[in-house]
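Start at 1 with the first residue, then count along the sequence. All of these numbers come straight from a predicted model, not from anything done at the bench.
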Amino acid sequence: MRLNRYNVKINRKSNRTELIKEKAVNYSACKKLRSPEHIVEAMNSLLDLQNMAEEYVYLLTLNTKGDITGVFEIAHGTVSNCLVSPREIFNRALMIGATTIILVHNHPSGYPEPSHEDIRITERIKNAGELIGIELLDHIIIGDKCFISFRKEEILAKL
């Protein structure tokens with residue numbers, strides 16, 4: 001499986017935002033990343049999220065078949081928080097033609113329990129996605145050799 005990491009940049013000549021492919025990596029641990037466990041394994045092996053000293057938020061975009069079409073760094077914060085905007089998430093999702101998305105971020109403390117802010121922003125993203133037809137499949141928080149999946153823990157269904 002090939003995972004493509006993207007970024008967005010402003011083309012100063014046209015004054016438009018463009019999708020830029022930064023890096024592509026082969027990930028052979030599994031053919032499709034269907035479970036939270038597989039996603040955590042891939043994100044840790046590719047980005048070492050469980051060992052990062054600051055919070056990072058990543059967006060995984062998926063097509064109608066459920067294949068991951070892109071990995072985007074959405075935000076890089078401090079040791080205890082990160083500013084996340086639904087606008088930035090859906091801008092990237094729409095640019096790549098995603099039909100569903102998954103959010104993944106780390107907690108440098110090592111404890112993946114969602115904060116009040118994690119739950120609040122997940123609800124905002126879920127609601128915004130419903131308006132434009134892009135479903136939030138999961139929000140996964142990675143800690144030190146552990147993780148929490150909002151879908152698996154049924155947090156997402158309650159929002």
Exercise. What heavy-atom pair brings V57 and C82 nearest, and what distance separates the two atoms?
Worked result: CG2-SG, 3.9 Å

Exercise. CG of L137 to CD1 of I102: how many Å apart, nearest 0.5 Å?
Worked result: 5.0 Å

For this session: With sequence neighbours left out, write down each residue that passes side chain to side chain contact (heavy atoms under 4.5 Å, CB included) with L159, or none if nothing qualifies.
Result: I119, T122, E123, K126, L156

For this session: Check P86 against I121 and note the closest heavy-atom contact, atom names and distance.
Result: CD-CD1, 4.1 Å

Exercise. So do Y56 and L47 actually touch side chain to side chain, heavy atoms under 4.5 Å?
Worked result: no

Problem set entry | All side chain to side chain contact (heavy atoms under 4.5 Å, CB included) counterparts of T64, not counting sequence neighbours | T99

For this session: Might you point out which heavy atoms bring L49 and N44 nearest each other, and give the distance in Å?
Result: N-OD1, 3.4 Å

Exercise. Which residue pairs pass the ring pair (Phe, Tyr, Trp, His ring centres under 6.0 Å) test when at least one of the two sits in residues 107-130, sequence neighbours left out?
Worked result: H105-H107

For this session: Would you please name every residue forming a ring pair (Phe, Tyr, Trp, His ring centres under 6.0 Å) with Y58, sequence neighbours left out?
Result: none

Exercise. Have T69 and N63 got a donor and an acceptor in their side chains that come within less than 3.5 Å?
Worked result: no

For this session: Supply the atom-to-atom distance R92 CZ to R87 CZ, rounded to the nearest 0.5 angstrom.
Result: 9.0 Å

For this session: Look at K158 together with E154 and state whether they make a salt bridge at an N to O cut-off of under 4.0 Å.
Result: no

Problem set entry | Over all atoms of both residues, closest heavy-atom pair of I101 and A93 | CG2-CB, 3.9 Å

Problem set entry | Close side-chain approach of F90 to I125, heavy-atom, < 4.5 Å | yes

Problem set entry | side chain to side chain contact (heavy atoms under 4.5 Å, CB included) partners of M95, counting only residues at least two apart | V8, T17, L19, N91

For this session: Taking side-chain hydrogen bond (donor to acceptor under 3.5 Å, both in side chains) as the test, write out the residues that go with R124, two or more places apart.
Result: none

Problem set entry | Nearest-0.5 Å distance that lies between atom OG1 in T100 and atom CG in L136 | 9.5 Å

For this session: Looking only at non-hydrogen atoms, find the nearest pair between S149 and P36 and report the distance.
Result: OG-CG, 3.7 Å

Exercise. Does V104 reach the side chain of I39, with side-chain heavy atoms less than 4.5 Å apart?
Worked result: yes

Exercise. Are the side chain of N106 and the backbone N or O of Q50 linked by a donor-acceptor pair below 3.5 Å?
Worked result: no

Exercise. Can you tell me if CG on L94 sees more than 12 non-hydrogen neighbours from other groups inside 6.0 Å?
Worked result: yes

Problem set entry | Residues forming a salt bridge (charged side-chain N to carboxylate O under 4.0 Å, His left out) with E113, sequence neighbours excluded | none

For this session: Among residues two or more places apart or on two chains, list those pairs meeting salt bridge (Lys or Arg N to Asp or Glu O under 4.0 Å) that have a residue in residues 141-152.
Result: E37-K152

For this session: Answer yes or no: is there a side-chain heavy-atom contact under 4.5 Å between V40 and I140?
Result: yes

For this session: Under the side chain to side chain contact (heavy atoms under 4.5 Å, CB included) rule, collect the residues that match up with L131, sequence neighbours excluded.
Result: none

Exercise. What distance separates L59 CG from I68 CD1, expressed to the nearest 0.5 Å?
Worked result: 10.0 Å

Seminar exercise, completed: For E117, the salt bridge (charged side-chain N to carboxylate O under 4.0 Å, His left out) test, sequence neighbours excluded, returns R120

Exercise. Rounded to the nearest 0.5 Å, how far does OG of S109 lie from CD of E55?
Worked result: 8.0 Å

Exercise. For the atom pair CD1 (I89) and OG1 (T61), what is the distance rounded to the nearest 0.5 Å?
Worked result: 12.0 Å

Seminar exercise, completed: Contacts of N51 meeting side-chain hydrogen bond (donor to acceptor under 3.5 Å, both in side chains) (sequence neighbours excluded), chain-then-number -> D48

Exercise. Among pairs that include at least one residue of residues 140-159, which meet ring pair (Phe, Tyr, Trp, His ring centres under 6.0 Å), considering only residues two or more places apart or in two chains?
Worked result: H139-F150

